[in-house]
Amino acid sequence: MERVTAEYLLETPFPPEDVAAMMAGEQSSGTFVRVAGETDELRARSAAQVLSVEDMGEIPAPSLASAYIDRKGAPGPVRRARVRIAFPVGNIGRNLPTLAATVSGNLYDLGEVTGLKLMSLTLPPAYRARYPLPAQGITGTRESLGTEGRPIFGTIIKPNVGLRPVEIAALVADLCAAGVDFIKDDEVCANPDIAPLNERVPLVMDAIKRAEDTSGRRVMMAFNITDETDAMRRHADLVAENGGTCVMASLNWCGLSGMETLRAHTPLAIHGHRNGFGAMNRHPVLGMAFPAYQALYRLAGVDHMHVHGIGGKFVDSADDVTEAARACLAPLAEGADDRVLPAFSSGQWAGTLGPALEAAGGADLMFMCGGGILAHPHGPAAGVASLHEAYEALSAGEDLSAARASRPALAAALDTFGQR
């Protein structure tokens, strides 16, 4: 029988083995008591199975409150455990929201639980094959950009919001001339009154095409089309009609169903922005870890996934970013050709490229710099040059401080951003 396996970090003052059994029953064929119609044959076919419970020891106090425990009392010390549960695929079908409801759902609300985090998902190959692959992924994105054998260097439209379409198009023209590979809208600039997509997209794409006539390179622009589902389809069509190659969406606010619908509608690359993910992940024993999160949205068919950046402005540790990048670069199931580009962003510049390359285990990454390009003291072209110079030096095994002597754009970046 095919099963999806979920791994959890559980915290409870009840015996972890008992709570794991409750979790399996709650999210499959059972409930807190056996009910009419719940035959042995049905349970054998549809019940989830606890595969393992690894005790991680006691902690001094519960992480989260529970009115259930307040009423019933806690029978013992609070313990943490790693729990693996296998859910029959037949219960779920090809249904991404139901998959998410099965492996998450009411588990967070169980009275016996004082902490629960979904850590990872393991998918059987035949089940993964029921969902779409990335339309572009790493290979298609690289082919579109002509960027073999090195990172994809990108930037973000700044100011984040408030520019008019003509101003945005002028900035895009400057960025294309500077030599970037990739440009994206900010997550808070989708279809604002001051710069609606139906005005912005034609002007920006005209700027990109004119730059291509000069350079022979077409820059990829990720237009933020975050909206309700029908509007996203219309926005994607607008981008395609004007020769665009990529759209962006805020995954958490469009949801799994919205992203599935968008993927089914357009062959454009989908740049998946994870803003809001911290609400799911920052608490150590609540929510969803990135390996599980990215698996769900990759089943929806995205091509690029944000992983934040090392040494940036967000809370992530280097280990967090490394785990996220490597999750994106690993197949979801054995034999699946479904890797997606990890998009490094937040406070990135030439000096943080080395840790990003180490985190990704190679050059298959999108490295996006806002201030690292736009605030370079010698201008955006020098900002882009500093990234190329850093990559050349790192590829040759040079330390960036030593490499600065022969690389002026890198030297200026080190002087400007090195103390931040």
Side-chain angles (χ1 to χ4, degrees), residues 129 131-156 172 175-185 201 204-225 236-249 259 262-273 294 297-307 325-332 335-345 353 356-357 360-369 373 384 387-388 391-392 395:
Y131 292 88
L133 295 173
Q136 302 295 329
I138 296 173
T139 300
T141 301
R142 285 198 176 283
E143 288 176 353
S144 176
L145 294 171
T147 56
E148 292 302 322
R150 65 167 177 84
I152 293 168
F153 294 127
T155 191
I156 307 99
V172 167
L175 292 170
C176 290
V180 298
D181 303 312
F182 179 89
I183 306 168
K184 64 173 282 293
D185 284 327
V201 170
V204 167
M205 286 310 305
D206 182 63
I208 288 173
K209 291 171 189 174
R210 282 188 281 108
E212 182 182 13
D213 291 340
T214 301
S215 67
R217 300 172 54 253
R218 174 161 293 195
V219 170
M220 179 176 280
M221 174 73 198
F223 291 98
N224 184 359
I225 64 167
D237 289 345
L238 175 67
V239 172
E241 288 161 7
N242 282 274
T245 55
C246 185
V247 292
M248 180 182 112
M259 298 311 300
L262 180 61
R263 173 76 293 155
H265 182 76
T266 183
L268 300 176
I270 297 177
H271 188 80
H273 200 298
Q294 61 90 35
Y297 278 102
R298 283 172 63 186
L299 289 179
V302 302
D303 300 275
H304 315 149
M305 286 281 288
H306 273 237
V307 298
R326 297 198 177 181
C328 292
L329 291 165
L332 286 180
D337 184 15
D338 63 355
R339 300 187 312 144
V340 297
L341 266 172
F344 287 72
S345 186
L353 179 59
L357 291 166
D364 279 338
L365 72 150
M366 187 173 281
F367 191 72
M368 292 184 292
C369 306
I373 288 176
V384 175
L387 302 179
H388 285 279
Y391 183 65
E392 291 165 4
S395 297

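Model, not experiment: these values are computed from the prediction.
- Between T141 and the options V340, T245, I152, D364, a side chain to side chain contact (heavy atoms under 4.5 Å, CB included) holds for only I152.
- Here I138 contributes atom CD1 and E143 contributes atom CD; the two are 12.0 Å apart, rounded to the nearest 0.5 Å.
- Atom CG in L341 sits 5.0 Å away from atom CE in M366 (nearest 0.5 Å).
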What verdict does the side chain to side chain contact (heavy atoms under 4.5 Å, CB included) test give for L365 and L329, after you've listed the backbone C-alpha separation in whole Å, the side-chain angles of each residue and the deciding distance to 0.1 Å? CA-CA 9 Å; L365 72 150; L329 291 165; over 6 Å; no

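- Looking at L238 and I225, their side chains never come closer than 4.5 Å, going by heavy atoms from C-beta outward.
- Here the shortest heavy-atom pairing between A269 and M220 reads CB-CE, 4.5 Å.
- Residue D337 qualifies as open at atom CG: its count of foreign heavy atoms under 6.0 Å is 12 or below.
- In this structure, Y391 and F153 have side chains that are in contact, with non-hydrogen atoms separated by less than 4.5 Å.
- For the pair L262 and A236, the tightest heavy-atom approach, listed with the atom from each and the gap, is CD1-CB, 4.0 Å.
- A salt bridge links R210 and D206; the closest N-O separation between the charged side-chain nitrogens and carboxylate oxygens is under 4.0 Å.
- Between the CG atom in N242 and the CG atom in D237 there is a gap of 11.0 Å [rounded to 0.5 Å].
- At a cut-off of 3.5 Å, with distance as the only test, no side-chain donor of N224 or H271 sits close to an acceptor on the other residue.
- No donor-acceptor pair under 3.5 Å is formed between the side chain of R150 and the backbone N or O of E392.
- A salt bridge does not link R142 with D181: none of the charged nitrogens is closer than 4.0 Å to a carboxylate oxygen.
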Start with the C-alpha distance between K184 and H306, add both sets of side-chain angles, then the distance that settles side chain to side chain contact (heavy atoms under 4.5 Å, CB included), and finish with yes or no. CA-CA 12 Å; K184 64 173 282 293; H306 273 237; 3.8 Å; yes

One pair to check against side chain to side chain contact (heavy atoms under 4.5 Å, CB included): D303 and R263. What are the steps and the verdict? CA-CA 10 Å; D303 300 275; R263 173 76 293 155; 2.8 Å; yes

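- Taking CD of Q294 as the reference point, atom CG of L332 lies at 6.0 Å (rounded to 0.5 Å).
- Across all their heavy atoms, D338 and A330 have their closest contact at OD1-O, 4.4 Å.
- Separating the CZ atom in R298 from the CE atom in M259 is a distance of 14.0 Å, to the nearest 0.5 Å.
- Distance alone, capped at 3.5 Å, is enough to place a donor-acceptor pair between the T155 side chain and the C369 backbone.
- Side-chain N or O atoms of Q136 include one that pairs as donor or acceptor with a backbone N or O of P267 at under 3.5 Å.
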Given V204 and F223, is the side chain to side chain contact (heavy atoms under 4.5 Å, CB included) satisfied, shown in steps? CA-CA 10 Å; V204 167; F223 291 98; 3.6 Å; yes

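- Scanning both residues, M221 and D185, for their nearest heavy atoms gives CE-OD1, 3.3 Å.
- Of all non-hydrogen atoms in V219 and C176, the two that sit nearest each other are CG2-SG, 3.7 Å.
- Taking the side chain as every heavy atom from C-beta outward, C246 and F182 approach each other to under 4.5 Å.
- Considering only heavy atoms from C-beta on, H304 stays 4.5 Å or farther from H273 through its side chain.
- Side-chain contact between V172 and I183: present, with at least one pair of heavy atoms (C-beta onward) separated by less than 4.5 Å.
- Summarising the geometry of P331 relative to A336, their closest heavy-atom pair is CB-O, 3.3 Å, with the distance given to 0.1 Å.
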